[in-house]
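This one's a predicted model, so the numbers in the text were calculated from it and none came from an experiment. When reading the values below, keep in mind they use all heavy atoms of this one structure, side chains included, and skip hydrogens, waters and symmetry mates. One is the number of the first residue; the rest follow in order along the sequence.
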Amino acid sequence: MFDNILIWFVVIPIAMLIGLGFCQNSGMKAIRTVMVVCSSVLLGLAIWLCCDFLRLREMGVTDEMVHMGSWMWYAPLNIHLAVGVDGISVLMILLSAIIVFAGTFASWKIEPLPKNFFLWYALLSTGVFGFFISIDIFTMFMFYEVALIPMYLLIGVWGTGRKEYSAMKLTLMLMGGSAFLMLGLLGIFWHSAPEGGQLTWNILEISHNASIDPSWQYMLFFFTFVGFGVLGAMFPFHTWSPDGHASAPTAVSMLHAGVLMKLGGYGCFRIAIFLLPQAANELAWIFIILTGISIVYGAFSACVQTDLKYINAYSSVSHCGMVLFAILMLNCTAMTGAIMQMLSHGLMTALFFALIGMIYGRTHTRDIRQMGGLMRIMPYLGVCYMIAGFASLGLPGLSGFVAEMTIFVGSFQEADVFHRIFVICATTAIVITAVYILRVVGKLLLGPVQDDHHLTLTDATWFERLSTVTLILCIAGIGCFPNWINEAIQHSFTPIINALQTVGL
């Protein structure tokens with residue numbers, strides 16, 4: 001088992017948990033050492049995995065999944081610890097490792113109970129990595145739940161504002177989505193075998209062998225897409241997201257918005273559309289309407305907010321709506337844009353939340369009406385915030401531009417009136433995003449200083465600079481050199497496109 005590199009993406013976070021368990025709550029040096037070492041190893045492994053995957057593709061390996069392994073876990077229900085990755089999984093693992101690494105330094109001085117905070121943070125990381133490496137639906141769902149459960153305590157104990165209310169609202173809504181998801185996954189399992197065959201949870205076996213009746217597909221598609229769509233902040237199930245993000249501590253906001261919400265888009269692609277292609281072809285239009293509303297509604301809502309975290313939270317609703325919107329277009333170009341948007345949004349929203357936490361830690365306010373002229377006071381943080389803002393509004397040379405352009409070009413390939421009307425409506429979000437980003441940058445960073453006490457504030461520390469530089473380099477790297485992403489994922493869409501075209505005949 002341990003000769004498979006993917007297993008180590010779960011083993012290392014578990015080792016992180018064990019290492020933290022031996023630390024004293026007051027021993028910050030030991031706690032930081034455990035977190036830095038383990039998060040650095042995870043990042044190094046993720047980079048190696050990505051390079052190795054690209055090497056395999058260059059050598060002509062076109063297998064659906066690589067680094068596959070399967071070990072029986074519970075024989076009566078044929079549950080396996082089955083792992084494997086394709087280009088999409090590899091990129092999501094890399095994104096997760098980058099944000100776990102950056103979040104560690106963003107939480108360098110977390111108080112109170114730093115040991116307990118990082119224990120729950122490590123458990124959340126375990127669930128995220130386990131989800132992306134799993135190709136057994138049951139195991140994937142188990143890791144999905146492991147990733148959700150720590151959120152209640154991380155927000156309820158270490159959050160700010162109405163943290164208990166936000167933590168409970170987030171937990172109840174996401175668990176409600178999990179209930180829908182469980183119904184959908186159980187339905188897929190009970191229809192997973194060809195006539196006379198064995199039931200299986202394995203995604204590849206289901207896609208190759210199962211022929212789920214269309215009447216069942218419609219219901220199961222609804223359950224699974226809604227279940228994952230709740231986590232992807234799809235309208236009208238998005239209301240947990242702004243409150244949860246606004247109350248969460250910095251590193252949790254980074255990991256939640258940057259990675260955890262991507263579990264929703266990844267699950268919609270990997271399970272709802274891949275395993276239920278006929279229902280996806282016929283019911284996608286319903287969810288295109290809902291995700292189109294998410295895109296525009298999220299952008300408009302961000303315009304009227306005055307709290308920095310709420311602005312970024314509603315912006316996340318809009319950008320994550322683009323991910324689901326592009327996936328539902330069911331063509332290769334739009335889906336490529338969706339994966340790029342998952343990477344781009346994950347990095348830039350993590351950068352936003354990191355910077356907001358750093359600014360709040362100094363000014364003790366997130367209200368933009370009480371701030372101004374911060375570029376003069378803390379120029380490094382000001383420049384970083386401008387870069388994050390420009391990435392969000394789609395400035396060429398940064399990741400947001402290439403992701404959004406690919407989404408809208410791919411979406412406009414659908415030639416019927418319905419699709420093109422919704423694509424045109426969705427593109428209005430680009431203009432709206434520019435409005436609220438430039439408004440916030442102008443108010444927060446430029447102009448006169450609103451509070452004289454802010455004149456004594458300090459700029460970023462070394463660990464804050466390390467966290468932000470890591471994210472900025474990745475954002476610029478994707479914006480300037482996007483082709484390697486396309487090379488990594490180009491073969492990942494072939495099975496699903498073939499399935500969609502087959503049932504569409």
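Checked by atom type and distance alone, the side chain of Ser318 never pairs as donor or acceptor with a backbone atom of Tyr314 at under 3.5 Å. Checking side-chain atoms of Thr428 against main-chain N and O of Ile424 turns up no donor-acceptor pair under 3.5 Å. Looking only at distances, no side-chain donor or acceptor of Ser467 sits under 3.5 Å from a matching main-chain atom of Glu464. The main-chain N or O of Phe353 is never found under 3.5 Å from a side-chain atom of Lys309 such that the two would form a donor-acceptor pair. Looking at Asp86, its side chain never comes within 3.5 Å of a backbone N or O of Ser492 through a donor-acceptor pair. When atom types are taken as modelled, the side chain of Ser301 and the backbone of Tyr297 share a donor-acceptor pair closer than 3.5 angstrom. At least one donor-acceptor pair under 3.5 Å links the side chain of Thr291 to the backbone N or O of Ile288. Judged by distance alone, the side chain of His256 and the main-chain N or O of Val252 form no donor-acceptor pair under 3.5 Å. Using modelled atom types, no side-chain atom of Arg270 and backbone atom of Ile135 make a donor-acceptor pair closer than 3.5 Å. Between the Ser253 side chain and the His245 main chain, a donor and an acceptor come within less than 3.5 Å of each other.
Inspection of the Thr363 and His454 side chains reveals no N or O donor paired with an N or O acceptor under 3.5 Å. A donor atom on one side chain and an acceptor atom on the other are not found under 3.5 Å apart for Thr139 and Ser134. At a cut-off of 3.5 Å, with distance as the only test, a side-chain donor of Ser315 or Tyr436 sits close to an acceptor on the other residue.
Side-chain contact between Ser241 and Met173 is absent, with no heavy atoms from C-beta onward closer than 4.5 Å. Within the 4.5 Å cutoff, the side chain of Lys262 has no heavy atoms near those of the Gln341 side chain. You'll find the side chain of Met378 reaches within 4.5 Å of the side chain of Leu457, heavy atoms only. Between Leu445 and Met386, the closest side-chain pair of non-hydrogen atoms falls below 4.5 Å. Proximity of Met340 to Ser399: side-chain heavy atoms (C-beta onward) are nowhere separated by under 4.5 Å. Looking at heavy atoms from C-beta onward, Leu231 lies in side-chain contact with Leu148 at the 4.5 angstrom threshold. Phe463 places none of its side-chain heavy atoms less than 4.5 Å from the side chain of Thr104. Using a 4.5 Å heavy-atom cutoff, the side chains of Phe131 and Phe141 are not in contact.
Residues satisfying the ring pair (Phe, Tyr, Trp, His ring centres under 6.0 Å) test with Phe325, not counting sequence neighbours, are none. The side chain to side chain donor-acceptor pair (under 3.5 Å) check on Glu164 picks up nothing, with sequence neighbours excluded.
Exactly one residue among Leu263, Ile133, Val10, Val128 makes a side-chain contact (heavy atoms from CB on, under 4.5 Å) with Phe143. That residue is Val10. Just one residue in the list Asp307, Thr306, Asn312 forms a side chain to side chain donor-acceptor pair (under 3.5 Å) with Arg366, and that residue is Asp307. Considering Phe180, Tyr144, Phe287, Tyr266 in turn, Tyr144 is the only one that fulfils the ring pair (Phe, Tyr, Trp, His ring centres under 6.0 Å) rule with Phe228.
Between atom CG of residue Leu455 and atom CD1 of residue Ile377 there is a gap of 5.0 Å, rounded to the nearest 0.5 Å. To the nearest 0.5 Å, atoms SG (Cys474) and CD1 (Ile98) are separated by 3.5 Å. The OH atom of Tyr310 sits 4.0 Å away from the CG atom of Asp243 when rounded to the nearest 0.5 Å. From Phe300, atom CZ reaches atom CD of Gln305 across 14.0 Å, with rounding to the nearest 0.5 Å. To the nearest 0.5 angstrom, Leu381 atom CG is 6.5 Å from Met358 atom CE. Put simply, CD1 on Ile387 and CE on Met348 are 14.0 Å apart, with the number rounded to the nearest 0.5 Å.
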Notebook entry, point to check: Given the rule in the ring pair (Phe, Tyr, Trp, His ring centres under 6.0 Å) test, do Phe101 and Phe105 qualify, once you have shown the distances and angles that lead to the verdict?
Noted result: CA-CA 7 Å; Phe101 178 82; Phe105 289 95; 5.1 Å; yes
Checklist line | Intermediate values then yes/no, side chain to side chain contact (heavy atoms under 4.5 Å, CB included), Leu20 and Met35 | finding: CA-CA 8 Å; Leu20 289 169; Met35 291 302 301; 3.8 Å; yes
Margin query: As a quick check of understanding, evaluate side chain to side chain contact (heavy atoms under 4.5 Å, CB included) for Met261 and Val323, giving each step before the final call.
Written below: CA-CA 11 Å; Met261 292 177 73; Val323 172; over 6 Å; no
Notebook entry, point to check: Taking it one step at a time, do Phe390 and Phe401 satisfy side chain to side chain contact (heavy atoms under 4.5 Å, CB included)?
Noted result: CA-CA 9 Å; Phe390 292 151; Phe401 174 78; over 6 Å; no
Next item on the list: Could you walk me through whether Leu124 and Met151 pass the side chain to side chain contact (heavy atoms under 4.5 Å, CB included) test, one step at a time?
Entry: CA-CA 8 Å; Leu124 175 59; Met151 291 301 301; 3.9 Å; yes
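The list of ring pair (Phe, Tyr, Trp, His ring centres under 6.0 Å) pairs with a residue in residues 31-54, not counting sequence neighbours, is empty.
The aromatic rings of Phe118 and Tyr121 lie perpendicular to each other, with more than 60° between the two planes, well past the 30° mark. Using cut-offs of 30° and 60° on the angle between ring planes, the pair Tyr360 and His364 is perpendicular.
Across all non-hydrogen atoms, the minimal contact from Thr126 to Pro13 is OG1-CB, 3.0 Å. The minimum heavy-atom distance linking Met28 with Trp108 is given by the pair CE-O, 3.5 Å. Between Ala251 and Phe117, the closest heavy-atom pair is CB-CZ, 4.1 Å. Closest approach of Val402 and Pro482 over heavy atoms only: CG2-CB, 3.7 Å. Scanning both residues, Ser316 and Thr349, for their nearest heavy atoms gives OG-OG1, 3.2 Å. When every heavy atom of Ile155 is checked against every heavy atom of Ser247, the shortest pair comes out as CG2-CB, 3.9 Å.
Applying the 6.0 Å contact sphere to CZ of Arg376 captures no more than 12 heavy atoms from other residues, nucleotides or ligands. Within 6.0 Å of atom CE in Met405, 12 or fewer heavy atoms from other residues, nucleotides or ligands are found, so the atom counts as exposed in its surroundings. Within a 6.0 Å radius of CZ in Phe274, other residues, nucleotides and ligands contribute more than 12 heavy atoms. For Met375, the CE atom counts as densely surrounded, since its 6.0 Å shell holds more than 12 non-hydrogen atoms of other residues, nucleotides or ligands.
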